[in-house]
Structure formats: structure tokens, C-alpha cells
Number of protein chains: 2
Amino acid sequence: MTDNGDRTGGGGTGVEGPADTVAAVVRQWREVLPELDTEPMHLIGRINRSAALLRQAEEAPLRRAGLTRAEFELLGALRRTGRELTPGDLARETFSSGAAVTKRLKQLAARDLVDRRADARDRRVVLVRLTETGRETVDAVLPQQLSFEADVLSGLAGDERDRLAALLGKLLGQLEGRIPPML
Amino acid sequence: MTDNGDRTGGGGTGVEGPADTVAAVVRQWREVLPELDTEPMHLIGRINRSAALLRQAEEAPLRRAGLTRAEFELLGALRRTGRELTPGDLARETFSSGAAVTKRLKQLAARDLVDRRADARDRRVVLVRLTETGRETVDAVLPQQLSFEADVLSGLAGDERDRLAALLGKLLGQLEGRIPPML
DNA sequence: AGCAGGTGTTTCACCGGTAAAAGACCTGCG
DNA sequence: CGCAGGTCTTTTACCGGTGAAACACCTGCT
């Protein structure tokens with residue numbers, strides 16, 4: 001029982017919330033299909049769009065370092081766990097297929113950013129670790145990412161950020177609980 | 001399997017915030033690079049992860065309709081504007097390259113979901129519109145998407161949703177203002 | 001009129017991702 | 001022991017996306 005979908009309520013045009021792209025899209029849908037409850041779009045559309053813009057913006061520092069986002073996530077997983085990981089681990093950490101990981105590892109190894117060695121106990125298993133340059137690369141790029149992120153987020157007050165993070169955490173909890181086929 | 005599964009023992013103190021994936025990742029970074037300001041990660045990591053999970057979850061109804069997400073967005077743009085659009089328009093609406101739009105249009109036209117005709121005034125431009133079946137397809141899928149979205153969002157109280165949407169709108173405003181190289 | 005330069009669309013060559021099969025190896029059970 | 005079945009990684013075949021070039025067409029200037 002979602003509460004009444006039509007929250008135009010006050011009838012006022014103009015005194016709307018944010019004038020972002022998503023709001024415009026939702027408005028179009030409402031005009032064409034007024035019987036639909038378009039409320040969820042505001043939230044989910046904004047999440048998707050924010051994510052897309054953030055990714056795109058963060059591409060810049062990565063390109064400078066000659067890295068793909070996916071490659072960086074792989075290196076990041078190695079860096080933050082501080083251990084050697086197997087390709088399988090990395091696939092799980094980065095939410096991508098094993099095949100993709102293999103391909104990336106091949107390239108990263110060719111550029112001497114990671115190192116692969118066979119596991120002694122189980123020769124099916126490969127152990128991947130950062131090389132010195134790999135570690136340096138991550139440590140050089142990450143602060144740039146973070147400072148960019150902090151910059152973007154500076155448009156929100158500290159407590160707004162906190163509330164936003166908390167609410168997203170709650171939502172994410174729902175999502176991760178609901179869709180847990182993997183992991 | 002990685003025999004050293006001692007992640008249980010390591011982090012025993014449980015009274016943390018949301019127990020989502022992002023929190024765990026941030027915690028790892030903080031341990032390895034304590035001097036970094038990892039605050040932004042909470043927010044941006046959650047946005048990215050939520051977006052990824054949402055996309056993945058919404059893939060299901062789309063597959064049932066035999067559509068890709070990108071194809072659906074293209075059809076959706078046509079549906080919600082209610083007009084004929086050119087490939088260029090569609091590229092801008094769906095934030096993808098012209099080449100991608102051309103490819104998708106070819107497939108959608110082959111399946112008789114869209115219709116292309118040359119513009120009379122300017123024979124360079126193509127006008128794309130939904131066919132009857134195209135319209136029906138969108139109108140059948142969209143409510144499923146929305147009801148799924150409403151379902152996911154039902155974990156949040158109404159005012160939480162509103163605040164979340166408002167905060168994201170503010171953030172999105174910043175982003176769209178900051179990165180406007182395109183559009 | 002004719003052409004230089006601009007715009008809209010498509011084609012081309014390539015890149016990275018995936019699912020499924022193949023390959024290599026372990027392990028437990030008869 | 002020896003092999004059937006499972007696990008981990010890589011290979012294969014293909015798919016969709018992109019940037020840049022090609023193509024087709026318009027328009028303004030001389």
C-alpha cells in the first residue's frame with residue numbers, strides 16, 4: 001500500500017524540488033502515463049544518474065594513470081586486503097566474471113603492476129599480488145579520487161552527507177539482502 | 001578455497017554502522033592507509049553499489065521482454081517524449097554514442113519495435129518512432145519496473161524516501177553543474 | 001550557381017565483458 | 001589404487017559499446 005502516488009497535491013507548478021535531469025524525465029512520464037506511480041523514479045533515477053556521472057568524472061584521473069576503472073578496482077582490492085588474492089577472490093571482490101579477471105590480470109601483469117605465481121599446495125590456484133609499481137600506482141591514484149570525491153561532496157553540508165550516507169546504507173542493506181544470489 | 005579464512009576473528013567488534021559491503025571495504029582501506037580521508041567512500045561507494053544492484057535486479061523483467069536495458073531506455077525515451085526523435089536526440093537522451101544508437105535501432109527495427117523514416121526537409125536526418133508493438137512493450141514492462149522499485153523502496157519509510165530523494169537531487173545538481181562538458 | 005565547411009547518421013576496427021567449454025588439478029569413495 | 005566428480009583458471013566465440021572515418025546532405029558565401 002504505497003501512499004497516494006500523486007503528490008502534486010499542492011497543485012502548484014514551479015515550486016518543485018531540484019531541477020535536475022531526472023525530475024524532467026519523471027515529469028515527462030507523468031504527462032504521458034498519469035496513472036502510473038512514478039514516485040520511485042525520483043529516487044532510483046537519481047541513484048543511477050549520480051553513479052553514472054561520478055564514474056565518468058572519475059575516469060579522468062584514471063586515464064592519466066593509464067588505468068581502466070575495472071583495472072583500478074582490481075588493484076584496489078589487492079591493495080586494501082593487503083594479501084595475495086586468487087583470481088576467484090578478485091572476481092568476487094570486483095563483482096565481475098572470472099574471465100574478465102583473467103584478461104585484466106594478463107594486461108596488468110604485462111605492465112608489471114601485478115605478479116602471478118602458482119600456489120604450492122594446489123596447483124590449480126594462482127596467487128596474485130601487487131608489484132611495487134602496482135602498489136605505488138594505487139597509492140598515487142587513490143588520493144586523487146578521494147580528493148575529487150570530497151570536492152564534489154562539499155556541496156552538501158556535513159550532516160547532509162551523513163544522513164545521505166546513512167539512508168543509502170539502509171537502502172543498500174535492503175538490496176543486498178534481497179538480491180543475494182551471488183556473494 | 002582460501003584456507004586462511006580468519007576474517008571472522010580479525011574484526012570482532014560488532015557495533016558498527018550499516019553492515020553493508022561498502023562499510024567493510026572502507027574499513028579495509030582505513031586499516032591499510034589510515035592517513036587517508038576515507039569519508040567520501042561511504043557515500044560514493046554506496047551510490048555506485050546501489051546503482052549496480054538495482055540495475056542487475058531490473059534486468060530480470062527486461063530479459064523476460066527480450067530487451068536489453070539500453071534498448072529499453074531507448075524505447076522509453078520515445079515513449080515518454082511522445083514524439084518522433086532522431087538518432088541524435090536518442091543519443092543525447094540515453095547518454096550514449098551515436099554509433100550505439102544506430103546499432104540498437106537496427107535491431108529494434110528488425111523486431112518491429114521502432115520505425116525509421118527519412119525526414120522530408122532534411123534528408124540527412126532520420127525520424128524514429130515507436131511502432132504499436134513497441135509502445136505496447138514499453139507499457140507492459142514499465143509498470144513491472146516501477147512495482148519492483150516500489151517494492152525495494154518499501155524498506156524505507158515515506159519520509160526517509162523523500163529526504164533521500166531530495167538529498168540525491170541536491171548532489172545530482174552539483175554533479176550536473178560540475179561536469180557539463182556534454183549536454 | 002557552386003563550393004567550403006558544417007551537421008546528422010552510419011560504418012569500421014577494435015576493446016572489454018560474458019557464458020560456456022576446455023584444461024588442469026585435487027579429493028573422496030569404492 | 002584409481003577414477004568420478006568437483007573446483008579453479010583460462011580459452012573460445014560472440015556481443016554490445018566506442019572513437020574515428022566515411023557518407024550524405026544542407027547552407028551560407030562569393
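The model shown is predicted, which means the values in this text are computed figures rather than measured ones. Letters A, B, ... mirror the listed sequences (proteins, then strands); counts begin at 1.
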Tell me the interatomic distance from [X], atom [atom1], to [N], atom [atom2], rounded to whole angstroms.
X      : N      : atom1 : atom2 : answer
A:L67  : C:dC15 : CG    : P     : 17 Å
B:L90  : C:dT10 : CG    : C1'   : 15 Å
B:R117 : C:dT9  : CZ    : C1'   : 16 Å

Original post:
Considering heavy-atom distances to DNA chain D, does A:P87 or B:S96 have its closest nucleotide positioned more toward the 5' end?
Top reply: A:P87

Polar atoms only, N or O, under 3.5 Å: list the protein pairs with nucleotides 13-16 of chain D and their distances.
unit_1: D:dG16; atom_1: OP2; unit_2: B:Q107; atom_2: OE1; d: 3.4

Please tabulate, one pair per line, each protein N/O and nucleotide N/O from nucleotides 2-4 of chain C that are separated by under 3.5 Å, including the distance.
none

**OP:** Tell me whether the OP1 or OP2 atom of D:dT9 has a side-chain N or O from A:T86 closer than 4.0 Å.
**Re:** yes

**OP:** Return no unless some side-chain N or O of A:R92 is found under 4.0 Å from OP1 or OP2 of D:dC8.
**Re:** no

Subject >> Partners meeting side-chain hydrogen bond (donor to acceptor under 3.5 Å, both in side chains) with B:R116 (sequence neighbours left out) >> reply: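 Here no residue qualifies.
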
Subject >> Test salt bridge (Lys or Arg N to Asp or Glu O under 4.0 Å) applied to A:E136 - qualifying residues, sequence neighbours left out >> reply: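 Counting only residues at least two positions away or on another chain, A:E136 forms no salt bridge (Lys or Arg N to Asp or Glu O under 4.0 Å).
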
Subject >> Global bending angle along the helix from C:dA1-D:dT30 to C:dG30-D:dC1, which compares the axes of five pairs at either end, to 10 degrees >> reply: 10°

**OP:** Using a 4.0 Å heavy-atom cut-off across all strands, classify A:R69 as base, sugar-phosphate, or nothing.
**Re:**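 It contacts nothing in the nucleic acid.
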
Expected rows: protein N/O vs nucleotides 19-29 of chain D N/O, under 3.5 Å:
unit_1: D:dC26; atom_1: OP1; unit_2: B:R123; atom_2: N; d: 3.2

